[in-house]
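Here is the structure we will look at, set down as structure tokens.
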Amino acid sequence: MPDFKSPIAHGPVSAPDGVVRVEDETATAKIVVRAGSDSSAAADLSVPFGQSRLRADGTLVCGTRPDEWTLFAAVDRAAEVAASVDTEGFVSVVDITHGRAMMRVSGPKATAVLAKVCNIDLADDMTPDGAVFSGSVANVTCDLLRSDRAGDPSYLISCERSFGNYLFAALVDASTEFGAGLPAGLSIH
Amino acid sequence: MTGNRLPERPGEVIDRGTSLAFTWNGQGYTGYQGDTIASALAASGVEVFARSMKYKRRRGIMTADHWDPNLFVQVGDEPNVRAGSRCLVAGMEVSAQNVWPSLKFDVGAVNQMVGRFLTSGFYYKTFMRPKWFWHNVYQKVLRKFAPGGRIFWESSTHGAYDKRYAHPDVLVAGGGPAGMGAAIAAAEAGASVMLVEHEPELGGHLRWGDAADLAALAELTSAVEAHPGIEVVIDSTVTGRYDHNWMAVVQRSHEIAPERLIKARAASLVVAPGLIERPYVFAGNDTPGVMLSGAVRRLINLWAVKPGTRAVVLSANPEGDAAIADLEAAGVEIVAALDARAGEDIVEVEGRGRVDKVVLGDGRTVSADLVVIGIGWTAPTSLLNMAGDRPVYDPSAARYFPNQLPDGVLATGGITGNGTTDELVAHGRATGSLAASRALRSRHDRRVLAARARNPEGPKPEFLQDTRTPLARVPHPECYRSSTHGMVDLSEDVSSKDLVQASKEGFDSIELMKRYTTVTMGPSQGKLETVNASAVLAEARNMDMVDIGTTVWRPPYAPISLGALAGRIFEPIRRSALQDWHEAHGASPLLAGQWVRPDHYGDPVGEARNVRQNVGIIDVTPLGKLDLRGPDVTKLLELVYVNKWQKLDIGRVRYGTMVAEDGVVSDDGVTGRLGENHYLMTTTSSGAGAVWEMLEDYLQTYRPEWDVHVTAVTGGLTSINVAGPKCRELLLRLVEGVDLSPEAFPYFHVRRGSVAGVADCIIWRIGFTGELSYELHVPSGHALHVWESLLANGEDLGVRPFGVESQRILRLEKGHYIVGQDTDGLTKAPSAGLGGLVKLDKPDTLGLPELKAAYARTDLPMLVAIQPDDPQVVPMEAAQIVDGDSNRILGRITSSRMSPTLGRSVCLGQVDPSLAAAGTKVTILLIDGRRVTGTVQEHHAHVDPEGVRQNA
Amino acid sequence: MAKQGYRYSAGKLVKHGLTRGDWPRMWSRPEARSSYDVVIIGGGVHGLATAYYLAKEHGVTNVAVVEKGYLGGGGSGRNTAIVRSNYLTPEGVAFYDRSLDLYNSMAQNLNLNVMFSRRGHLTLAHTDSALRTMHWRAEVNKLQGIDSSVIDPQEVKKQAPSLDVSSGTRYPILGALHHPPGGIVRHDAVVWGYARAADHLGVHLLQETEVTDILCEGGVGPDGKGAGGRVTGVRTNRGDISTPAVVNCTAGWASLISNMAGVPLPITTHPLQAAVTEPCKVFLPTVVVSGSLHVYVSQTDRGELVFGASVDPVGTYRVNGTLEFTEELAGHVLELMPGISKMRLLRQWSGLCDMTPDYSPVMGTTQVDGYFVDVGWGTYGFKAGPVAGETMAETIATGRDADLIAPFTISRFTEGDLVGEKGAAAVGH
Amino acid sequence: MIVVNCPNCGPRNSSDLRPCGELTPRPDPSTASLSEWRTYLYLRENPAGWVTETWYCRNGCRRYFTIQRNTATNEIRDSEAP
Ligand SMILES: Cc1cc2nc3c(=O)[nH]c(=O)nc-3n(C[C@H](O)[C@H](O)[C@H](O)COP(=O)(O)OP(=O)(O)OC[C@H]3O[C@@H](n4cnc5c(N)ncnc54)[C@H](O)[C@@H]3O)c2cc1C
Ligand SMILES: NC(=O)c1ccc[n+]([C@@H]2O[C@H](COP(=O)([O-])OP(=O)(O)OC[C@H]3O[C@@H](n4cnc5c(N)ncnc54)[C@H](O)[C@@H]3O)[C@@H](O)[C@H]2O)c1
Ligand SMILES: Cc1cc2nc3c(=O)[nH]c(=O)nc-3n(C[C@H](O)[C@H](O)[C@H](O)COP(=O)(O)O)c2cc1C
Ligand SMILES: [Zn+2]
């Protein structure tokens, strides 16, 4: 199998003082599971809509929508993670690893960066660590997960793959207020 | 240069250590850091800043703040800068606007002499004859008189602006004592607060007040700054309150952008804008040297500028009285201190470039160069009106007061009554606590409702009732006059005479009067004019002010630049995994919706020919792709497509057309069955989103009992069509796990296998080009490898990429129509020539009754293939098909190209049913006016109607 | 009482200036009669024009125009005043072209300068398919004798130098439909001109009078409303008025009125917003419209840019406007004219539009005898005011739908024969 | 920008959703007369007051749901799944 290629052709971009960092995490296995709330898959995944949980095997389980979960894991584990889902009843498991670009915005100013391009209330009590939600980011529909790192806010943002390059540029553009520089060849225009 | 700068004042905001050089009408000036453009010029003795709009009258400082109607200047390439509030920056090139040839001498000033003819609306009553004169002469002259600054449309700052969102519990509009009190109390109650102040510093009127005011200011400011729960946003205006407390805040001096728009969803809004001083209407009231009391106090106390030497002051309130004290302290001689409360008055001011003589109410004429007016207030109720309030006029206090506010909006401070600083702060604090309690309760509700927030612990905060002690309404005389030549609207040059005349002509409601005279339609939007205009109308109609009302306040409260409203340019662009490759290989980009695609690689005709002769590959990723799973997918397909779907075996693909509930063709594509309960549906590129939402709609609201899961996989599968007689040979070199022989894998079938080592590719035998072709759907992370492998392994076969334009040629040769190009918003299924595809005997399909009705009709247009009789003529797409030599329209060409395969032009067109039979001659009107004939073809396909090529 | 037939002219302007004498009233404030031959609901351009032509062309003068607010307070007073006739369908072209003719001679006929500025109208195309539609319109227009053609970007630049016609932009300008006879009119003056002329012919203009019900008998519905019924009068906040003929000219409120007669309409009410900037020296000589960017813009003689867009997606009777309208508007306008980013928005407002499924009006007789409709004007009805008035007057006077409006009667929705303007009229103006 | 309460996502800006208009039940297409069908297609109550309407949570949970909205004030009442 040839290497997995991300739509984002840029490495991480950070502000010099580290207050914000934008990086590509597209190379993550992403498995979407649909199952009725009374299914055994749902019981197994055991995360309500809007929340997330790190499974013992390292898989991050997100309640992305009512009766829908997205599972994140290392990119080579896609098949294994997909196979781990209990498919008793009407359950579907779709590997969307190739279908979604994913990036992370992190650092003390991550919330301020996101608040420039996303209308959702990101206050700690409205969107706590672990919160899963969907919204528009720089005019692209995205799934978001707040997953803090080392006490600083951090957001995993995924979008339809074809928007990936644009969205990355938009997030870096939003970070320039806090000192990040747009790398050569990257522009929102 | 005359030095009008006073010795140091206790509250001054200028930094005398930092001089700033700038130019005014080309001449060099200096001011201090902290000056506005106007204060710096006034300090240097400048008295005339502008010419008025209609009569070109000289104009000077009037309010010395943002709303000053006379201080509009051009700064470099920026028009309409408010010199009364724009801070001076070194190097500014400032000039007067709306003057010709110069501010000193303006030719247009002759209008003053003919002013009596230029009453409001005069232009409606003349210039009608002769007809051509209006357009060719009068209108051009009128346009020359347009006021305002100049646009330098070569220098753009589009995209340099910025925006952000905010979600404060409490947003306070106005940073005077009341607003600061509200912010502090709300923050103390645990609310997150955004405090917005229009001026460059907090403080409101305290800033230009006395020692006690300055002390109170210092105390309040440090309390605000000390509280971490308050975000202070200065030099910023709350410009709009929209439904559900969606607030627009324009931030002017932000370091990263010329202006920034903050969009805030506030749970509670506290409106604390204070009051705006109202001008007085008397003859000559627009002469330079006539200033409002606030203007002289600001000039003296903030910028240490002496506003004149000999002053007449007319005061009706303590602020007017305080102006007298300030003037005296500044060494201005008070020629007359008139008390409006005691009936003293000013009748007229004379003077051209500056006040010279003042005629007083008692008949005396005195000489003075400054007239100071402190006769009352306008309540800036704009934000309250936007929140649905209809403020009510109170004659005893001579101003409007808030009436009925929704729960999420509270008012405090001067807009609600009068008080000492302590009383204002106390009222502000009470308002802030109330606002916080309501906001925190609403926040609790939101947390309960939003799944991501998890349920809040703790009880629901209480909804406090309003127990505030209202501020007093101190009696104030109503100082209005309508029977003078004074200006009511200085920006629009509308006098009270004009208003009285308009009322007599039938424009006797405030709204009609506004539209006829343009009063309140200028840059200050009624802030200075609206109450005076109502008062004039009330007197003219002998009615009460209360029954007249005001014109409607609308956003923005303070004008906001288009650049800030636009903000950053966030225009999402979609790129396939191969787009970088296309661009690196000379593809000319084609923007199709949000997608950027390869239109061609330099030679569309050659690329098309290559497909017919050898093999070509095209990136068709934007095709919508939906993964459908579940036992009820067939039912869904039966519902949304016009054709039958029951007997689609695993491994087969079928073409389908969709219509909307009105029977109009809405989309098309193929759907393949990959497994027992697993299908892949494709849609048109532009229809992908709509089809997905439509499927969800019917699944969720119409047939919730059906078990179907829909997943959009458009970008996840990179779609590559491999087409041409040699494509099988090419694929044989790369495909594993699939028998590509025509017998094992015939037309309209689907297989899964690996391509160039990439597993899990979906391969189906279909194509838009009419050639033998396979469409590969490759996991996008590996798509580039597959694409490059196809090219690398087919060199000997002549493989070449082709773009969208070649595909358009090829599909037209084959007669495949494009929804939206060959069909339009009225094309019902039978018109598209779907023939037997449509099944009317299904129990349920979208638009079924309309389909039945349409098939019963004989008058619907038909889509047909047409060949111009002259093979070299390619009629333009949209060329009309007409009835012989007449102009009667019988159809149109919807697609046309020169066919490289046939060496002749080929078309699709919609025609009247009378022309639809094969062999019918039609007349086509070319764009150059020629009429040519064409012949309707038997099949839509011009090339290979039997399908030998695609079935190979 | 308004002075009958007082004529405006340059001479009168001089006379009044010299004597400083008062001008006569343009219209009176009459007391309502208890009965009229025709009651027209809605004091916008459609209602007033209908009244004027009824009186002028058909001698029907016992007519009341009932307006709940002030004259022109609906769409007629808040539209961006763009007039043109380069429609997509032959029906549309014939209809709007007649209206343009009437506009052209309006100042003379009504003796009020409505400031018709035939400055030309550009509809920009940013995509191949938009360009194809422009060609389609141009071809249909030419066959109908309308001056309309597709021009290339260089020619666009000549017509409107402030446009960015370079090719690298997100929404490149590939060409435009150029319609020289299109332009703008001083919208209020049109309202006042018809009002004044109708008043002079004896029509009663009843302002601040709101219709609260339509009185019917004989129909299938409650209170004798609905199909088969007959109109007997209207109820207003100032009392009942009896009349055999009621005309619904209430645009955004059309459904509310029509429901009163038991005649449901294929209409939803959406706000359409507009905005003006502060004035700047005049630099934009023509009207510029971009369908795909949902904006249109023109510059008034006073130097303000007047902007419009497409209707708000959320249907509502609220007219207080939205922030996102101004944001999108500015973003799109600056894509076309990046140079004006420093101009400031001065005021935004909105009006109600009566949207139909096929972007064409609903006109003429209905299933209730004596109840006429002139509604469904959506975002484009200002330019149709004169011809709608003329044809509605004919329809009311003769009881038969006038030829020009035959394609627009309500029966097309039961017969499934919608008009094909949707493609072109979405943001046509 | 009004706020619409999605039954799943909670309060959201209306720009995150798509308004789908008045709730109009779909007649059975196999039995509906053409005039019933066209009433469903075209005729609307369009009241100035409370109306039950459908919204699609486009940027959120992707669910269709109905709410009550007062078209004269934009006040919003309860929301529910279809
Ligand atoms: C922002 C905007 C821009 C537009 N731009 C253009 C454009 O550029 N070109 C163009 O051609 N068209 C444009 N239009 C559309 C055009 O304005 C309307 O189609 C047209 O004005 C409709 O005129 P009318 O006389 O039918 O209705 P209106 O002018 O709306 O008059 C209807 C009247 O009925 C009254 N009324 C309602 N209910 C009652 C009642 N119960 N009792 C009594 N009276 C009642 C209302 O108060 C109102 O005055 C625009 C519309 C808007 C809102
Ligand atoms: N000239 C004067 O001395 C003067 C002027 C106004 C008020 N007063 C008195 O002071 C009292 C008012 O005190 P207060 O605290 O209510 O008002 P204030 O005038 O002291 O402060 C209000 C502040 O709100 C700001 N503001 C107004 N609209 C705004 C908006 N939309 N966005 C952001 N900021 C905005 C103003 O710039 C001002 O600084 C009244 O009793 C009045 O009589 C005196
Ligand atoms: C073509 C046109 C030009 C306008 N120009 C101005 C203007 O220069 N200044 C202004 O304040 N309002 C202007 N308006 C808007 C009106 O003030 C007003 O907002 C509009 O008629 C709607 O009325 P309302 O705001 O009272 O509801 C203009 C309106 C139109 C239709
Ligand atoms: Zn939702």
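Chain naming here is simple, since letters A, B, ... match the order of the sequence lines and numbering starts at 1 in each.
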Proximal component of [X], with respect to chain C [non-hydrogen, under 4.5 Å]:
{"X": "B:R808", "answer": "side chain"}
{"X": "B:M876", "answer": "side chain"}
{"X": "B:D662", "answer": "neither"}
{"X": "B:E877", "answer": "both"}
{"X": "B:T239", "answer": "neither"}
{"X": "B:K497", "answer": "neither"}
{"X": "B:R554", "answer": "both"}
{"X": "B:R857", "answer": "side chain"}
{"X": "B:V552", "answer": "both"}
{"X": "B:N98", "answer": "both"}
{"X": "B:I927", "answer": "both"}
{"X": "B:D824", "answer": "side chain"}
{"X": "B:F152", "answer": "backbone"}
{"X": "B:F570", "answer": "neither"}

For B:Y123, check side-chain hydrogen bond (donor to acceptor under 3.5 Å, both in side chains) against everything at least two apart and list the hits.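 B:Y123: no side-chain hydrogen bond (donor to acceptor under 3.5 Å, both in side chains) contacts found.
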Which one of B:G825, B:P556, B:G388, B:G593 has the most heavy-atom pairs closer than 4.5 Å to chain C? B:P556
Heavy-atom distance under 4.5 Å to chain B: side chain of C:E328, backbone, both or neither? neither
Should the pair C:E278-C:R302 be classified as a salt bridge under the 4.0 Å nitrogen-to-oxygen rule? no
When you check the side-chain N and O atoms of B:Q821 and B:T894, is any donor under 3.5 Å from an acceptor?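 No - no donor-acceptor pair under 3.5 Å links their side chains.
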Does one side chain, of C:Q144 or B:N887, offer a donor that lies under 3.5 Å from an acceptor on the other? no
Can you confirm whether [X] sits close enough to [Y] that some side-chain heavy atom of one is under 4.5 Å from a side-chain heavy atom of the other?
{"X": "C:M26", "Y": "B:Y516", "value": "yes"}
{"X": "B:V596", "Y": "B:L590", "value": "no"}
{"X": "B:L591", "Y": "C:H126", "value": "no"}

Tell me whether B:D883 contacts the main-chain N or O of B:R888 through its side chain, where contact means a donor paired with an acceptor under 3.5 Å.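 Not at all, since once roles are kept as given, no pair shorter than 3.5 Å links the two residues.
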Within the distance-only criterion (no hydrogens, no angle test), does the side chain of C:Q299 pair as donor or acceptor with the backbone N or O of C:G303 below 3.5 angstrom?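 Indeed, once roles are kept as given, a pair shorter than 3.5 Å links the two residues.
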Pair B:F507 + C:W27: ring centers closer than 6.0 Å: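 Ring-ring flag for B:F507/C:W27: true, centres closer than 6.0 Å.
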Let's test your reading of the structure: which of C:L112, C:L143, C:V419 forms the most heavy-atom pairs below 4.5 Å with chain B?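 Most heavy-atom pairs within the cutoff with chain B belong to C:L143.
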Kindly compute the distance separating CG (B:L565) from CD (C:E324), expressed to the nearest 0.5 Å.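 The distance works out to 11.5 Å.
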